[in-house]
Amino acid sequence: MQRENWLYGGLMNNIDILKNWIDESDNIVFFGGAGVSTESGIPDFRSVDGLYKQKYKYPPETIVSHTFLKQKPGEFFEFYKEKMVAPAINSKPNMAHEKLAQWEKEGKLKAVITQNIDGLHQAAGSENVLELHGTVHKNYCDRCYKQYKVSDVINADGIPKCECGGTIRPDVVLYEEGLDSDVMSKAINYISNADVLIIGGTSLVVYPAAGLIRYYRGNKLVLVNLSETSQDGFADLVIHEKIGEVFSRL
Ligand code: OAD
């Protein structure tokens with residue numbers, strides 16, 4: 001898509017505008033979701049082939065809830081290990097993850113804020129990653145708080161158990177649970193002070209994460225998402241393409 005851009009004169013392609021903004025900035029912040037990892041082979045939640053569109057015994061939002069973990073841990077871990085841990089640990093970063101890590105190394109990008117729990121940003125080399133919904137890579141005993149690796153969870157037969165008898169649970173934010181306030185306030189701080197804010201691969205429907213967009217005060221808000229979002233109207237630049245493909249052209 002072409003659009004008039006007075007800053008650079010004449011008609012410019014949206015990707016070229018984004019390229020200019022990135023070239024000129026040393027204060028980029030990225031905020032992303034499941035769509036960042038679909039090109040790595042991990043399904044998102046709400047697309048037609050997403051995790052929440054498949055048929056299970058219970059609605060997936062019910063399965064990944066605090067109450068369900070407490071009341072039906074066997075079924076929780078069956079779903080969690082197969083649908084959330086296995087795809088995460090068997091996938092590799094794609095061009096979107098790689099570019100973000102590169103921009104951080106070049107001193108252009110300040111932080112990656114993600115709703116994803118797959119750890120692929122760190123696998124690509126990003127260091128300052130704020131994981132709003134936690135990560136499959138961190139796990140702890142719900143009784144004695146001993147820390148465990150993801151391999152302790154995936155390799156356990158059924159419900160992963162601590163030596164103290166407690167259940168080893170993932171350090172991820174389940175439905176009915178609150179976000180870490182320290183991570184949230186850091187995210188707000190980065191977004192409020194960002195020059196360029198790129199939001200990618202998220203439907204922006206899950207709060208409070210989706211509300212972070214409101215803290216941005218600049219005039220270079222970029223949305224890179226395959227489908228339309230309810231926030232498209234707030235963006236200065238909207239690109240409805242695959243984020244890995246877009247980033248590989250930057
Ligand atoms: P969603 O599945 O809701 O949205 C993913 C978005 O990414 C959709 O709008 C897709 O169109 C888009 N998309 C898919 N592949 C893409 C690609 N290659 N390039 C660009 N866009 C692409 O996922 P999230 O917004 O991340 O929370 O969902 C938010 C939260 O809902 C998740 O963190 C999870 C879930 O419940 C918890 O588990 C707490």
Side-chain angles (χ1 to χ4, degrees), residues 14-15 18 30-54 56 58-69 76-77 79-85 87-88 91-100 112-121 124 129-138 169-180 183-184 187 198-213 222-232 235 237-250:
N14 274 350
I15 307 268
L18 177 56
F30 180 80
F31 171 44
V36 174
S37 294
T38 54
E39 286 161 88
S40 292
I42 304 178
D44 64 11
F45 298 95
R46 295 175 182 82
S47 293
V48 281
D49 52 353
L51 200 55
Y52 289 175
K53 295 288 160 73
Q54 298 167 33
Y56 311 100
Y58 306 92
E61 292 94 331
T62 302
I63 303 176
V64 290
S65 72
H66 182 86
T67 306
F68 199 86
L69 168 61
F76 170 88
F77 278 105
F79 180 92
Y80 173 72
K81 285 196 240 178
E82 185 192 330
K83 303 290 180 187
M84 302 181 98
V85 181
S91 302
K92 293 203 164 31
N94 63 54
M95 269 316 287
H97 303 101
E98 306 280 358
K99 271 284 165 185
L100 291 164
V112 168
I113 301 163
T114 183
Q115 298 163 86
N116 297 349
I117 59 172
D118 54 33
L120 289 185
H121 286 293
V129 183
L130 300 175
E131 295 171 307
L132 296 172
H133 293 160
T135 169
V136 299
H137 294 280
K138 289 190 191 151
R169 64 151 290 172
D171 199 354
V172 303
V173 180
L174 303 174
Y175 280 92
E176 306 160 350
E177 295 179 336
L179 274 65
D180 182 312
V183 176
M184 196 65 180
I198 307 175
I199 300 180
T202 173
S203 58
L204 290 170
V205 297
V206 174
Y207 283 79
L212 283 171
I213 185 171
V222 185
L223 263 176
V224 186
N225 205 64
L226 258 188
S227 56
E228 276 180 28
T229 76
S230 61
Q231 311 291 321
D232 283 13
L237 198 63
V238 178
I239 301 174
H240 287 148
E241 289 180 58
K242 288 187 177 176
I243 191 162
E245 287 178 10
V246 170
F247 278 21
S248 67
R249 283 147 68 192
L250 296 172

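No experiment lies behind these values; they were computed from the predicted model shown. When a ligand or atom number is given, it counts from 1 through the structure's own listing order.
Residue E228 qualifies as open at atom CD: its count of foreign heavy atoms under 6.0 Å is 12 or below. Within a 6.0 Å radius of NZ in K92, no more than 12 heavy atoms belonging to other residues, nucleotides or ligands are found. Summarising the local packing, NZ of K138 is surrounded by 12 or fewer heavy atoms from other residues, nucleotides or ligands at distances under 6.0 Å.
Close approach to Y175 involves these atoms of ligand 1, each under 4.0 Å from a residue heavy atom: 35 (C), 36 (O). Listed by number with element, the atoms of ligand 1 under 4.0 Å from a non-hydrogen atom of Y52 are 35 (C), 36 (O). Heavy-atom proximity to G33, at under 4.0 Å, picks out these atoms of ligand 1: 26 (O). Distances below 4.0 Å separate heavy atoms of S227 from the following atoms of ligand 1: 8 (C), 9 (O), 10 (C), 11 (O). Of all atoms in ligand 1, numbered sequentially from 1 with element shown, those under 4.0 Å from a heavy atom of G201 are 5 (C), 6 (C), 7 (O), 21 (N).
Of the polar atoms of N116, none of the N or O atoms is found under 3.5 Å from an N or O of ligand 1, judged by distance alone. Polar contact check, A34 against ligand 1: a nitrogen or oxygen pair lies under 3.5 Å apart. Checking only distances, V205 never comes within under 3.5 Å of ligand 1, N or O to N or O. Considering backbone and side-chain N/O of F45, one or more are found under 3.5 Å from N/O of ligand 1.
Here the side chain of S37 pairs no donor or acceptor atom with the backbone of A34 at under 3.5 angstrom.
When only non-hydrogen protein atoms are considered, atom 9 (O) of ligand 1 lies nearest to N225 ND2, 2.8 Å. Among protein heavy atoms, the minimum distance from atom 18 (N) of ligand 1 is reached at E39 OE2, 2.8 Å. Nearest to atom 4 (O) of ligand 1 among the protein's heavy atoms is S203 N, 3.2 Å. Looking from atom 25 (O) of ligand 1 to the surrounding protein, the closest heavy atom is T202 OG1, 2.7 Å. Among protein heavy atoms, atom 39 (C) of ligand 1 sits closest to V173 O, 3.3 Å. G35 O, 3.3 Å is the protein heavy atom nearest to atom 17 (C) of ligand 1. Counting protein heavy atoms only, atom 30 (C) of ligand 1 is closest to V206 CG2, 3.6 Å. At the shortest separation from atom 27 (O) of ligand 1 among protein heavy atoms lies H133 ND1, 3.4 Å.
Residues Y52 and F45 bring their aromatic ring centres within 6.0 Å.
Taking the six-membered ring where tryptophan is involved, the planes of Y80 and F77 are perpendicular, since the angle between them exceeds 60° and thus also 30°.
Within the structure, the closest approach of G244 to ligand 1 does not fall below 4.0 Å when heavy atoms are considered.
The shortest side-chain heavy-atom distance between H66 and R169 falls under the 4.5 Å cut-off. Between V64 and F79 the shortest side-chain heavy-atom distance falls below 4.5 Å.
Counting only N and O atoms by type, the side chains of N116 and H121 include no donor and acceptor under 3.5 Å apart.
For the side-chain contact (heavy atoms from CB on, under 4.5 Å) with V246, the lone residue among V222, I15, I198 that qualifies is I15.
Taking CD of Q115 as the start and CG of D44 as the end, the distance is 11.5 Å to the nearest 0.5 Å.
In the candidate list V48, I243, I199, I243 is nearest to atom 19 (N) of ligand 1, counting heavy atoms.
The backbone of E241, and not its side chain, has at least one atom closer than 4.0 Å to an atom of ligand 1 (non-hydrogen atoms only; backbone = N, CA, C, O).
Checked for salt-bridge contact, K99 and E39 miss the test: no charged N lies under 4.0 Å from a carboxylate O.
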